[in-house]
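These notes are about the structure you will find just below.
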Amino acid sequence: MPLLRVEGLGIDFGGLRAVDNVGFQVEPGEIVSVIGPNGAGKTTLFNMISGAYQPARGAVSLDGEIVTGMVPHLLARRGLSRTFQNLQIFQKMTVLENVMVGCHLQERASLLADLFSTPASRKRSAETRAAALKLLERVGLDCAADKEASSLSYGALKRLEIARALALEPRILLLDEPAAGCNAVETEEIDHLVADVAKSGVAILLVEHDMKLVMRISNHIVVLDRGEKIAEGRPGEVSRDPKVIEAYLGVQPKEAGGHALG
Amino acid sequence: MRLSSSKHLTLLVLAAIILIAPFGFPSNFYYRIGSLIFVNGLAVTGLVILIGFAGQISLGHAGFAGIGAYACALAPQYLGLHPALAMLLGTALSAAIAWLIGRPILRLQGYYLAVATLGFGILVSMVLANEAPITGGPDGHEVPELGLRKLLETIGLDLSNAQFWYAFTGLFLLAGTWLALNLHDSPSGRALRALHDSEIAARTVGVDVTRYKLSAFVLSAVYASLSGSLLALMNKFITPDAAGFLHSIELVTMTVLGGAGSVPGAVAGAALLTMLPQVLTVLQDYEHMILGLIMMLVMIFMPSGLVPSLSRLLRGRT
């Protein structure tokens, strides 16, 4: 059974069919990328899957359970985690605290215990701290743990967001343009990180503009154009697909020829 | 480790100030100013949790102070409760009301939440002013003696009335500060601060944003209610002004001046706004003008509030 199944998903914004009839599946440990020209509906699709938007049509299921339009904090409990295209960092908290918030569900916080700083509450905080430090090490930010998050560089914030998303111990991770705005070195770091996470059995759904990155690490690619799925398959197949080439270059496939996306 | 030691340091400094300050007091009047600072500081600490941690505004928290105050005035008379129990009843009532009204109004954001809470505060002060047969109306109502001072006297601890209230309210402020500092670095506190910075990201990592906002609202209402009860018991008299719009605004101003996100800032803000009018009375006609000017200057030159700005200055702007 696939971990994530999306069927016939669609949403309209004031009469415009932003996304229509999109469907695909993601298996555990698999990296599936959603690509398409600007305005194709990739982020809208992400927002529907992650509960930020209510889809008008279609269904999303996680491990066989229908979770269409479920609020984000309940999806988090079911093991779905995400990052954002325009970073959503807790700017006024430290780098370490950002990741510690990611452990929120494992902490099972109790307000009264926290107010009185009971031994149980302190123990939970200490455990969270240790787990968060390990994650910061994994993304190479352990030396910045006590800095305020707003002082980090853009590329570092991208990695911090991934660390926070991983703190949930997700079964599926949605990454919305994790390499956008990053330089070549930072992109490569994120590339390794994503591959490494997938190897540990987490399913990954990726939206990314960096075609080299997508072609290199994806097991499977879904191509959107004007809100509809126009192609799907392995990286090699998709990059040769005439419909995909037309969507990207806006010319007849015969004239464009071969491997436009290679 | 670093955070927990700064927590203990804050508590230690606050306790030391409360203990040492009386040695410089020329008269009983200063004990009274001190007690007023502590009572205001307690309510403001609650608002630091609501405004500073969770990022939710309230312009009606004096309403909860009014509920706490009038519980101490009315419950002994009509229900025959001891004032201490009346205080607990007021706290429970405030918490219940905060829970009930918080559910619908905390869906609102920013200005809309401000206006909704403002409405609640005005409602409470109107009820207290208009139900004259029960509450005494705008003329106020007397509040019975707490009786704890007499009890302390029998065990040989002889304090003047002003000294007793200074110590008693000081203990409440210390306890309130301790709880707020605990909360700041706990799992719940992190969840609150996270939803302040980005609600969508907090939801995404599994924080039940609605529940946490409501918790902060109820908790801050409890602080305000206790502050109102203490004020009523200390003055042995209460008027609807305790629940009034001006008192709500005063509390929020103290919170922001002190530094909304900072627990010690609550005490600093309360101290500044409680003491300044007393100090400035020598200026007579210009008192309010200078007070307003000082508030504006603090906000212009210390936009994050007294305590955060000063501590950054001390650390050498790192």
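Note that the structure is a prediction, hence the values are computed from the model and not measured. Within every chain, numbering begins at 1; the chains are lettered A, B, ... in the order of the sequence lines, protein sequences first and strands thereafter.
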Taking every heavy-atom pair that is under 4.5 Å apart, which of S215(B), G261(B), S198(B), A191(B) has the most such pairs with chain A? S198(B)
For the pair E161(A) (side chain) and Q88(A) (backbone), establish whether a donor and an acceptor sit closer than 3.5 Å, ignoring hydrogens and angles. yes
Between L181(B) and chain A, which part of the residue has a heavy atom less than 4.5 Å away: side chain, backbone, both or neither? neither
Of the options E97(A), E107(A), H104(A), which is the one that meets R190(B) in a side chain to side chain donor-acceptor pair (under 3.5 Å)? E107(A)
Okay, side chain of T68(A), backbone of A59(A): is any donor-acceptor separation there less than 3.5 Å? no
Who among G206(B), A202(B), A180(B) has the most heavy-atom pairs with chain A under 4.5 Å? G206(B)
Under the 3.5 angstrom rule, does the side chain of S94(B) hit a backbone N or O of T91(B) as a donor-acceptor pair? no
Please state whether the side chain, the backbone, both or neither of S50(A) comes within less than 4.5 Å of a heavy atom of chain B. neither
With a 4.5 angstrom heavy-atom cut-off, is it the side chain or the backbone of L111(A) that approaches chain B, or both, or neither? both
Name the member of L183(B), V209(B), D208(B) that forms the most heavy-atom pairs with chain A at distances under 4.5 Å. D208(B)
Hey, are the side chains of E186(A) and K158(A) touching, using non-hydrogen atoms and a 4.5 Å cut-off? no
Residue part contacting chain B, namely of S110(A), when any heavy atom lies under 4.5 Å: backbone
Given that the side chain runs from C-beta out, which part of F116(A) has a heavy atom under 4.5 Å from chain B: side chain, backbone, both or neither? both
If you take all heavy atoms of P303(B) and S309(B), which pair is closest and at what distance? N-OG, 4.3 Å
